[in-house]
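Residues take their numbers from the sequence shown, with the count starting at 1. Read the numbers this way: they start at 1 and go in the same order the structure lists the ligands and their atoms.
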Amino acid sequence: MERIDKILSHHGFGSRKDVKKLLRDELVSVNGKFVYDPGFQLDIEKDEVTVDGEQIKLQHDIYIMMNKCQDVVCANKDGEHRTVFDLLDDSLRHKFLGGELHCMGRLDIDTEGLLILTTDGKLTHRLLSPKTHAPKTYAVGLRDSLTEEEKLKYTEKFSKGFRVDREQNESGFDAQPAEIIFCESNESAARTRHEANKTANRDSESSRQDVACLLTIYEGKYHQVKRMFAQLGNEVVYLKRVKMGSLELDPAIPLGGYRELNEKEIKLLQTE
Ligand code: URA
């Protein structure tokens, strides 16, 4: 239960003063009856609220799937670059009942793809916790193409895990086993390549890249994917996250675009 003025304000209907005016003007009804009192207690699980005749979807938390584009950073503020929050519509620039809208994990400035923005701090904490081992899959473009022999070597290395050197102020780490699937020319691999390229390149002329492989990791160290390939003497020249847990990036979302997750997708994340 929560005051109606707070709830409507946290659903994008302006300040509490703005909501007071809506109530006074008989624009807000709860379960079919006008409400005038800003202190009216609302049950967001049960009550049906309409504002100016339109039913409002009441929610404690918000969950957004973004297809992050390059040149934007995963930060609240950045003096130099646009942030992922700058890509959001004005209608999402308000307080939410569940708290601060934040990124569930970070992608580098030059990494594209699946980014979840949410107010659900508990879910973020759980999915990013090393204990959860939530898988994250990336489509990777590499500087150096690989011979069959090198592919075998990479597959073995990734499947066992290996030591990654320190990078500037970041200490080295023992990368845990990961799964790599190369996009080759035989039929099933051709399909993999096609799928990877489809999600990687849709609507993205500027970043159209050849995807060499899909890599699934179960942890999230700083620059992890780039550092793992660098350790093997190669260089990541294109990176796109295509999956987190069981949740895949919706290929219909253009680069820099986003949409809210549906109930089924939220459940997928919550049961990870
Ligand atoms: N690994 C990286 O190196 N960069 C990212 O953005 C994500 C994973």
Original post:
Any idea which protein heavy atom is nearest atom 1 (N) of ligand 1, and the distance to it?
Top reply: Val225 N, 3.1 Å

Original post:
Does the gap between the ring centers of Phe158 and Phe162 come in under 6.0 Å?
Top reply: yes

**OP:** Could you tell me whether Asp110 and Lys226 make a salt bridge, using a distance below 4.0 angstrom between a side-chain N and a carboxylate O?
**Re:** yes

**OP:** Please write down residue, atom name and distance for the protein heavy atom closest to atom 4 (N) of ligand 1.
**Re:** Asp108 OD2, 2.7 Å

Subject >> Ligand-side contact atoms (ligand 1) for residue partner Gln224, heavy atom cut-off under 4.0 Å >> reply: 1 (N), 2 (C), 3 (O)

**OP:** Looking only at distances, please establish whether an N/O atom of ligand 1 is found under 3.5 Å from an N/O atom of Lys226.
**Re:** yes

Original post:
With a cut-off of 4.0 Å, which atoms of ligand 1 are near a heavy atom of Tyr138?
Top reply: 7 (C), 8 (C)

Original post:
Is any side-chain N of the basic residue among Lys151 and Glu149 closer than 4.0 Å to the acidic one's carboxylate O?
Top reply: no

**OP:** State, yes or no, whether a side-chain contact exists between Leu247 and Met65 at a heavy-atom distance under 4.5 Å.
**Re:** yes

Subject >> Part of Val236 with heavy atoms under 4.0 Å of ligand 1, whether side chain, backbone, both or neither >> reply: neither

Original post:
How does Thr111 reach ligand 1, if at all, at less than 4.0 Å between non-hydrogen atoms: by side chain, backbone, both, or neither?
Top reply: side chain

Original post:
Does any non-hydrogen side-chain atom of Leu215 lie less than 4.5 Å from one of Thr137?
Top reply: no

**OP:** Could you establish whether Tyr222 and ligand 1 come within less than 4.0 Å of each other, counting only heavy atoms on the residue side?
**Re:** no

**OP:** List every atom of ligand 1 that sits less than 4.0 Å from any heavy atom of Leu239, numbering the atoms from 1 in the order shown and giving each element.
**Re:** 1 (N), 2 (C), 3 (O), 4 (N), 5 (C)

Subject >> From Leu27, Ile7, Leu8, Val28, residue fulfilling side chain to side chain contact (heavy atoms under 4.5 Å, CB included) relative to Val19 >> reply: Leu8

Original post:
How about Leu42 and Leu58: do any of their side-chain heavy atoms sit closer than 4.5 Å?
Top reply: yes

